[in-house]
Number of protein chains: 2
Amino acid sequence: MGEFDLIDRFFTQPAKALYTPAVHVGIGDDCAVLQPAPNAQLLVSSDMMVEGRHFFADTDPYRLGHKALATNLSDLAACGATPLGFTLALALPKVDESWLDPFSKGMLALAQHSACPLVGGDTTSGPLTISITVFGQIPQDQALLRSGAKVGHDIYVTGAIGEARAGLHLLEKRWECNNKPLRDHLIRRLEAPTPRLAIGHHLRGVASSAMDLSDGLRGDLGHLLKASQVGARINGNALLSTAPRLWMSAETSAWTETQKIAFAMAGGDDYELLFTAHPGFRAYLTELGQELGVGITRIGEVLASLDMKVVDTAGQICTLETASFDHFKSCSRA
Amino acid sequence: MGEFDLIDRFFTQPAKALYTPAVHVGIGDDCAVLQPAPNAQLLVSSDMMVEGRHFFADTDPYRLGHKALATNLSDLAACGATPLGFTLALALPKVDESWLDPFSKGMLALAQHSACPLVGGDTTSGPLTISITVFGQIPQDQALLRSGAKVGHDIYVTGAIGEARAGLHLLEKRWECNNKPLRDHLIRRLEAPTPRLAIGHHLRGVASSAMDLSDGLRGDLGHLLKASQVGARINGNALLSTAPRLWMSAETSAWTETQKIAFAMAGGDDYELLFTAHPGFRAYLTELGQELGVGITRIGEVLASLDMKVVDTAGQICTLETASFDHFKSCSRA
């Protein structure tokens, strides 16, 4: 099966069925041609995933296809954008239909769910590498940025923070968990994150700053604080309350509160949103979380002092020595 | 040197100096935010280049940086688009400053020349892989597509067709050439193609169909004819006239005309434009080529019969058995 047949069967034909009215020309010409809304601004984000670095060789291909797109959509969500489409550049060591079939299905199912059609790309032979660029649109000057956090604003996260890292530790055999439902849940959180597009959309005009959590709350919040030139106080107990399934379980009962907080702060792969908002939005955000069925948890506040304090239940400052996940360190299985 | 320092030094800081007014938010947030012209359509193209597949490990990094962006800009040129910006996803086996410095300089020099700023991306460790997505814009419904060729229209190419393939054969040691200026010229044509953005822009409203030549004229013209549901007659002698330096040289004097035509038809990496236009544009296109200093050569005509005929100087039909370049075949040095 040649390159063109392969693209056609697993990507082009299924992708064409998902085109939105914004796709003027899709796959098959030199460029895709998209029609943004009148006077919309265009948002763009690119991510690259390499086997053995961002995922294990035996990762379920359906979930891998989902995650490769999900991590990019998460960037659009963090800016409050509406998806327009994406391109996929894929290097494959061989043409393995039993892998390509579920991989493309996982990716295109999320594309359909997110109204984000595949509009172009490239396929080549090479070490397994997935490079996606996603495009979105937003009315002029409404994009949520990292730089807008104001002193006195609340700090929020969506979803359960730290679960994805716990899933990674299970796969790396750095942690044991014999509770199968919990184990499956944590690995699913690592392998199949849900981009928070609906929440991001509703945060337009509400969040003063926002970003997605990919490298761990500690490092990512550091980037947001630096961009906004402010500091923060994080309530460790509130952070742990986002993931009761993990932190209230028997499997973590031997951990100290500080260990749990440090773990949650240093976890990568959450793909949840981190944002700040004026305190006047508290009731609105509680209702929004209930309406969308996703936890939106206030975990701290923005301070003027240019540092990040994390306090435990007793109000004591926690010392967190674990570093943020760095993609230049090895991700191979221990 | 960490990932973030690396990106900052070689890409972010030099890239910021090249931002156009269309870059509302550049590198450093979750997404770049771009402002297209009012009611413009957005054009998108992605390409991936893998070491040992699309380029040799010892390729000059300045030229490689140039070429990685040039091949993408060539897709915008083929559609007649004006560049808006690009993203770069880069997997690197190690952080080698002596490689990154010229690589980034080659890429960003072309970005500057083309008014196409680098607005975002991703860097990771992994086998050397360069994945670029480029965005452009064009007034509504003016994009040049592959599907508009009409019976009776002329077929044109820009530049010198087959030279890049000759350069590849030199590097692969499949061909000898002791004429050093010619040898250097041919290798430069392979390694440092010039995207035909200015010509593409002037072809809006002139070309009835267009595409760029990346996989070889024979295969690429086949795609254009199929998309337009027409056939073609190619004048092999006119095709050879595009590259007098190669085909009039002593080094190729032993080749038959058919061998030369077959070679030029099957060459990859030309990154020139192939387009069709109404015969009424002949004088206009001759002047355009002179004005822009680039050859624009009429090499054939569009026919109703759904096949591709190539004729030699005597009017005889040439039989070309050489296949188009397929990226799933090996590109390693012989």
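Side-chain atoms are counted along with the backbone in the values below, which use heavy atoms only and exclude waters and symmetry mates. A note on names: the letters A, B, ... follow the listed sequences, proteins ahead of strands, and every chain is numbered from 1.
Note on Gly121(B), Ala22(B), Ala89(B), Ala78(B): by heavy-atom pairs under 4.5 Å with chain A, the leading option is Ala89(B). The most heavy-atom pairs under 4.5 Å with chain A, out of Gly136(B), Ser131(B), Ala227(B), come from Ser131(B). Contact count versus chain A (heavy atoms, under 4.5 Å) is highest, among Val33(B), Val50(B), Ile138(B), for Val33(B). With chain A as the partner, the residue from Asp47(B), Val25(B), Ile132(B) showing the most heavy-atom pairs under 4.5 Å is Asp47(B). Options Asn39(A), Leu145(A), Leu144(A), Leu76(A) differ in how many heavy-atom pairs under 4.5 Å they form with chain B, and the most are formed by Leu145(A). Interface remark: of the candidates Val119(B), Val134(B), Asn72(B), Asp141(B), Asp141(B) forms the most heavy-atom pairs closer than 4.5 Å to chain A. Ranked by heavy-atom pairs under 4.5 Å with chain B, the list Ala81(A), Pro36(A), Pro38(A), Gly85(A) is led by Pro36(A). Ranked by heavy-atom pairs shorter than 4.5 Å toward chain B, the options Ser46(A), Ser45(A), Cys31(A) are led by Cys31(A).
The backbone N or O of Gly80(A) lies less than 3.5 Å from a partner atom in the side chain of Arg204(A), making a donor-acceptor pair. Distance alone, capped at 3.5 Å, places no donor-acceptor pair between the Ser228(A) side chain and the Leu225(A) backbone. For the pair Ser74(B) (side chain) and Ala70(B) (backbone), a donor-acceptor distance under 3.5 Å is absent.
In this view, Ala111(B) and Leu18(B), Leu69(B), Phe86(B), Leu108(B) satisfy the side-chain contact (heavy atoms from CB on, under 4.5 Å) rule, not counting sequence neighbours.
Ala77(A) does not touch chain B: none of its heavy atoms, backbone or side chain, sits under 4.5 Å away. Contacts of Val44(A) with chain B are made by both backbone and side-chain atoms, with heavy-atom separations under 4.5 Å. For Glu51(A), no part sits under 4.5 Å from any heavy atom of chain B, backbone or side chain. At a 4.5 Å heavy-atom cutoff, the contact between Ala32(A) and chain B is made by backbone and side-chain atoms alike.
In this structure, the side chains of Leu203(A) and Leu273(A) come closer than 4.5 Å at one or more pairs of heavy atoms. Residues Lys67(B) and Phe55(B) form no side-chain contact, since every pair of their non-hydrogen atoms from C-beta on lies 4.5 Å or further apart.
Between Arg196(A) and Asp212(A) no salt bridge is recorded (no basic side-chain N to carboxylate O distance below 4.0 Å).
Applying the salt bridge (Lys or Arg N to Asp or Glu O under 4.0 Å) test to residues at least two apart or on different chains, the pairs with a partner in residues 24-43 of chain B are Arg146(A)-Asp29(B), Arg146(A)-Asp30(B).
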